[in-house]
Undergrad: 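One structure follows; several queries about it will come next.
Numbers restart at 1 for each chain; the letters A, B, ... are given by sequence-line order, proteins then strands.
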Amino acid sequence: MNPRVRFAPSPTGPLHIGGVRTALYNYLFAKKNHGTFLLRIEDTDQTRFVEGAEAYIIEAFQWLGIKFDEGVGIGGDYGPYRQSERKAMYKPYAEQLVRDGWAYYAFDTPESLDAKRKEAEAAKKTFQYDASTRMGMVNSLTLPAEEVERRLAAGEHYVVRFKYPDNIDIHVHDLVRGEVVINSSLLDDKVLYKSDGMPTYHLANIVDDHTMEITHVIRGEEWLPSAPLHVMLYKAFGWEAPQFAHLPLLLKPDGNGKLSKRDGDRLGFPVFPLQWTDPKSGDISSGYRESGYLPEAVINMLALLGWNPGNDQELMSLQELIDAFSIEKISKAGAKFSLDKAKWFNHEYIQMKSADELYPYFEKILGKKHISCNADYVKNVIDLIKDRLNFINDFWEQACYFFEAPTEYDPQALKKRWKEGTGAHLKVIDDMLMSFQPFDKQKAQDTVMQYIQDNGLNMGQILNSVRIALVGTARGPELFTMIELMGTEETHRRIQRAIEVVNL
RNA sequence: GGCGAGUUCGUCUAGUUGGCCUAGGACGUCAGAUUUUCAUUCUGAAGAUCAGGAGUUCGAAUCUCCUACUCGCUACCA
């Protein structure tokens, strides 16, 4: 049977990069095994619903180039794929569990539960709704049947709680961690069905995974503690459980905690694929896309954070990742996100792109500066400066002088390269350069070099002074190539201006 | 507090059946080389006694036990 896997985010805000990796692993697994990858939206918590989050999630995967076969936004035979739209189907399942003795109605109010917790806290204990306490609570286990009926009929608020069999070992077979065993007496009677008529994650995810015929549940490690509950639920329903694989966490670059939005803000890197504006506060969180990352680079980097192909290959296309992927090679320990490595990946991917491919990105950047420019010229610039780009957004910093004459000159560079008499030499060189119409790079270079040699000048000094005139500082690609690209007119203007302004 | 998981260079990791590991690669760092400058690129170096301890064994990063530390979960959130 071909596997069916799902990515099931909650639309409570922008998609965390750890979630993206979870989705990626699901995707790689599905594609490797000729399976189906579907998107399900888990919006059972109406109080945490955030406008635009679902659209954000879909757009993020579009940008990343990860395609769902089925689900929200695509459709399929197992829909609807939004849990809010499946609301009606959960209640019968909850009732079935109560009928079969696997669950019970609980009428305890949030206030009374709070009181119990506080009470326990005062006694330095923790209150747990479980086999040891449930008989002292207000529920269908302690109330007479008629009373339960009456309360239900009267429309009183209630929740359905799972009733663990007492003192049994629950085995969870995890594909990355092996066998995990926990005793039922340590677990609390989790709420399955909420008083607002919605299931909790636990019930909804089991019902949906079963009815959607999910074969493998690949999710974050934070779900491991509730996996025993899920295993028990499958048992209670008499359903075959899917295989589980709990992924290691993505950790912050420094320290040990889980990577959070705050770490991104603090250390200056995005934690979300796309930029996100909070609809309530208006706060903006940066995204990989807007920060100048290439989606291929983000995917490659993420794939290797917690998994590796078992050899030394690090630069891998999506297809190569698919071909090499296997759950067995997923590591158990959490992985720290590294900004340096992310930068390196992105640099590598930019180098793989041609000027034609890169052009649209840079045209947009120029557009924002209100610069419209001949496409061939821009592409030539790209070829010249590409290898110094780590991010798409580095473009302007690295190439601005190709589009705007420098307005000031780096004092450090001037001090080092601009000596007495430099201006006079520049005048001569300027004339030489201008004399080639049309410009002949090789001849111009030969002529200037000859001049430098004939006058016993220092090549580094002279050429760099020209460079400062053109760029504003001592950096940039090969000088005569720049001159050729900028044109003699522009070169002339810049040299003249530099002589005037620096005036030494 | 309870429960669970994890622990190889600063970071990501290789190491799957114990011996070719005097622990390999990548990022980062440092040093050289190339270049008219900067960046790129290239070469090289430093960097882990495999969390610690005990044991099994001729031999352990790899097996067993104990300890420590870190993280996760502990809601009518997912």
Undergrad: A/Phe337 has an atom CZ; how far is it from atom C1' of B/rG28, in whole Å?
TA: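 From A/Phe337 CZ to B/rG28 C1': 14 Å.
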Undergrad: With sequence neighbours excluded, what pairs up with A/Tyr409 under the side-chain hydrogen bond (donor to acceptor under 3.5 Å, both in side chains) test?
TA: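 If we apply the side-chain hydrogen bond (donor to acceptor under 3.5 Å, both in side chains) test to A/Tyr409, skipping adjacent residues, there are no hits.
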Undergrad: Return the set of residues passing side chain to side chain contact (heavy atoms under 4.5 Å, CB included) with A/Ala324 (not counting sequence neighbours), or none when no residue passes.
TA: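 Residues passing side chain to side chain contact (heavy atoms under 4.5 Å, CB included) with A/Ala324: A/Trp307, A/Pro309, A/Met316.
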Undergrad: So which nucleotide does B/rU17 pair with, by the Watson-Crick or G-U wobble rule with both distances under 3.5 Å?
TA: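 Partner of B/rU17: none.
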Undergrad: Between B/rG2 and B/rC58, how far is it from one P atom to the other, in whole Å?
TA: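 Rounded to whole Å, the distance is 41 Å.
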Undergrad: Taking only N and O in the side chain of A/Thr12, is any of them less than 4.0 Å away from OP1 or OP2 of B/rA78?
TA: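 No, because none of the side-chain N or O atoms of A/Thr12 sits under 4.0 Å from OP1 or OP2 of B/rA78.
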Undergrad: Would you check if there is a donor-acceptor pair between the side chains of A/Asp189 and A/Tyr104 at a distance under 3.5 Å?
TA: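 A/Tyr104 vs A/Asp189: donor-acceptor pair found between side chains.
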Undergrad: What pairs meet the salt bridge (Lys or Arg N to Asp or Glu O under 4.0 Å) rule with one or both residues in residues 338-355 of chain A, with sequence neighbours excluded?
TA: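 Listed once each, the pairs are A/Glu296-A/Lys353, A/Glu314-A/Lys341.
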Undergrad: Please give the nucleotide sitting opposite B/rG32 as a Watson-Crick or G-U wobble pair, both distances under 3.5 Å, or none.
TA: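 Partner of B/rG32: B/rC42.
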Undergrad: Under the side chain to side chain contact (heavy atoms under 4.5 Å, CB included) rule, what do A/Glu221 and A/Leu247 come out as? Steps first, then yes or no, please.
TA: CA-CA 5 Å; A/Glu221 186 186 332; A/Leu247 271 21; 6.0 Å; no
Undergrad: Measure all distances between protein nitrogen or oxygen atoms and nitrogen or oxygen atoms of nucleotides 15-18 of chain B, and list the pairs falling under 3.5 Å.
TA:
| residue | atom | partner | partner atom | Å |
| --- | --- | --- | --- | --- |
| B/rG15 | OP1 | A/Lys329 | NZ | 2.7 |

Undergrad: Which base, if any, makes a Watson-Crick or G-U wobble pair with B/rG2, both distances under 3.5 Å?
TA: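 Across any shown strand, B/rG2 pairs with B/rC73.
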Undergrad: What integer number of Å spans the P atoms of B/rC20 and B/rU35?
TA: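 My reading of the P atoms in B/rC20 and B/rU35 gives 44 Å.
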Undergrad: Under the side chain to side chain contact (heavy atoms under 4.5 Å, CB included) test, which residues partner A/Met459, sequence neighbours left out?
TA: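 With sequence neighbours excluded, A/Met459 shows a side chain to side chain contact (heavy atoms under 4.5 Å, CB included) to A/Met449, A/Ile452, A/Leu463, given in chain and number order.
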Undergrad: Remember a base hit wins even if backbone is also touched, and classify A/Gly220 as base, sugar-phosphate or nothing at under 4.0 Å, heavy atoms.
TA: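 The answer is nothing, as A/Gly220 stays clear of every strand by at least 4.0 Å.
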Undergrad: Which is true for A/Arg48 with a 4.0 Å heavy-atom rule: it touches a base, it touches only sugar-phosphate, or it touches nothing?
TA: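 Base contact.
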Undergrad: With both distances under 3.5 angstrom, what nucleotide forms a Watson-Crick or G-U wobble pair with B/rA23?
TA: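 No nucleotide pairs with B/rA23.
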Undergrad: Return each pair, listed once, that meets salt bridge (Lys or Arg N to Asp or Glu O under 4.0 Å) where at least one residue sits in residues 449-462 of chain A; pairs must be two or more places apart or across chains.
TA: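 Checked against salt bridge (Lys or Arg N to Asp or Glu O under 4.0 Å) - neighbours excluded - no pair reaches residues 449-462 of chain A.
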Undergrad: Calculate the interatomic distance between A/Leu186 atom CG and B/rG4 atom C1'; express it in whole Å.
TA: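 Result: 10 Å.
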Undergrad: Counting only Watson-Crick or G-U wobble pairs whose two distances fall under 3.5 Å, which nucleotide matches B/rA68?
TA: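 Base partner found: B/rU7.
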Undergrad: Check nucleotides 66-76 of chain B against the protein and report each pair of N or O atoms closer than 3.5 Å, with its distance, or say if there are none.
TA:
| residue | atom | partner | partner atom | Å |
| --- | --- | --- | --- | --- |
| B/rC73 | OP1 | A/Lys258 | NZ | 3.4 |
| B/rC76 | OP2 | A/Arg161 | NH2 | 3.2 |
| B/rC76 | O2 | A/Ser195 | N | 2.8 |
| B/rC76 | O2 | A/Ser195 | OG | 2.6 |
| B/rC76 | N3 | A/Ser195 | OG | 3.0 |
| B/rC76 | N4 | A/Asp108 | O | 3.3 |

Undergrad: Expressed as a whole number of angstroms, how long is the span from A/Asp312:CG to B/rU13:C1'?
TA: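 After rounding, the reported distance stands at 10 Å.
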Undergrad: Ring centroid separation for A/Phe403 and A/Tyr401, is it under 6.0 angstrom?
TA: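 No - the distance between ring centres of A/Phe403 and A/Tyr401 does not fall below the 6.0 Å cut-off.
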Undergrad: Taking atom C1' in both B/rG18 and B/rC3, what distance in whole Å separates the two?
TA: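 Straight-line distance between the two C1' atoms is 33 Å.
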Undergrad: Sticking with atom C1', work out how far B/rU67 lies from B/rG28, rounded to a whole angstrom.
TA: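 Going atom to atom, C1' in each nucleotide, I get 34 Å.
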Undergrad: Please report, rounded to the nearest Å, how far the P atom of B/rU13 is from the CD atom of A/Glu314.
TA: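 To the nearest whole Å, that distance equals 11 Å.
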Undergrad: Could you list the residues that satisfy side chain to side chain contact (heavy atoms under 4.5 Å, CB included) with A/Asp323, not counting sequence neighbours?
TA: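 Listed in chain order: A/Gln319.
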Undergrad: Let me know the distance between CZ of A/Phe244 and C1' of B/rA5, rounded to the nearest Å.
TA: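 Those two atoms, CZ and C1', are 16 Å apart.
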Undergrad: With nearest nucleotide decided by heavy atoms, which residue, A/Lys124 or A/Ala333, maps closer to the 5′ end of RNA chain B?
TA: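 Its nearest nucleotide lies further toward 5', so the answer is A/Lys124.
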Undergrad: Can you name the ring pair (Phe, Tyr, Trp, His ring centres under 6.0 Å) partners of A/Phe127, sequence neighbours left out?
TA: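 None.
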Undergrad: Sequence neighbours left out, what passes ring pair (Phe, Tyr, Trp, His ring centres under 6.0 Å) with A/Tyr129? Give chain and number order.
TA: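 A/Tyr129 satisfies ring pair (Phe, Tyr, Trp, His ring centres under 6.0 Å) with no residue once adjacent residues are dropped.
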Undergrad: Using the P atom as the point on both nucleotides, what is the distance between B/rU8 and B/rU13, in whole Å?
TA: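 Pairwise P distance, B/rU13 against B/rU8, rounds to 9 Å.
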Undergrad: Which whole number of Å gives the distance between the P atom of B/rG32 and that of B/rU64?
TA: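 Looking at atom P only, B/rG32 and B/rU64 are 49 Å apart.
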Undergrad: Less than 3.5 Å apart, any donor N or O on the side chain of A/Glu179 or A/His173 sitting next to an acceptor on the other?
TA: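 Yes, a side-chain donor-acceptor pair sits under 3.5 Å.
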Undergrad: Touch check for A/Thr47, heavy atoms < 4.0 angstrom, all strands: base, sugar-phosphate only, or nothing?
TA: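 The answer is nothing, as A/Thr47 stays clear of every strand by at least 4.0 Å.
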Undergrad: Would you mind telling me which residue lines up with the more 5' stretch of RNA chain B, A/Lys336 or A/Lys341, judged by nearest nucleotide?
TA: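 Its nearest nucleotide being more 5', the pick is A/Lys336.
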Undergrad: Write down the distance separating the P atoms in B/rA14 and B/rU57, rounded off to the nearest Å.
TA: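 It comes out at 31 Å once rounded to the nearest Å.
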Undergrad: Partners of A/Asp209 by side chain to side chain contact (heavy atoms under 4.5 Å, CB included), sequence neighbours excluded?
TA: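 Partners of A/Asp209 by the side chain to side chain contact (heavy atoms under 4.5 Å, CB included) criterion, ordered by chain and then number, come out as A/Arg6, A/Arg40, A/Asn205, A/Ile214, A/Val217, A/Tyr234.
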Undergrad: Which letter, B, S or -, goes with each nucleotide of nucleotides 32-46 of chain B from 5' to 3', with contact meaning a protein heavy atom under 4.0 Å?
TA: ----BBBBSS-----
Undergrad: For the C1' atoms, the ones on B/rC9 and on B/rA51, what distance do you get once it is rounded to whole angstrom?
TA: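 Result for the C1' pair: 14 Å, nearest Å.
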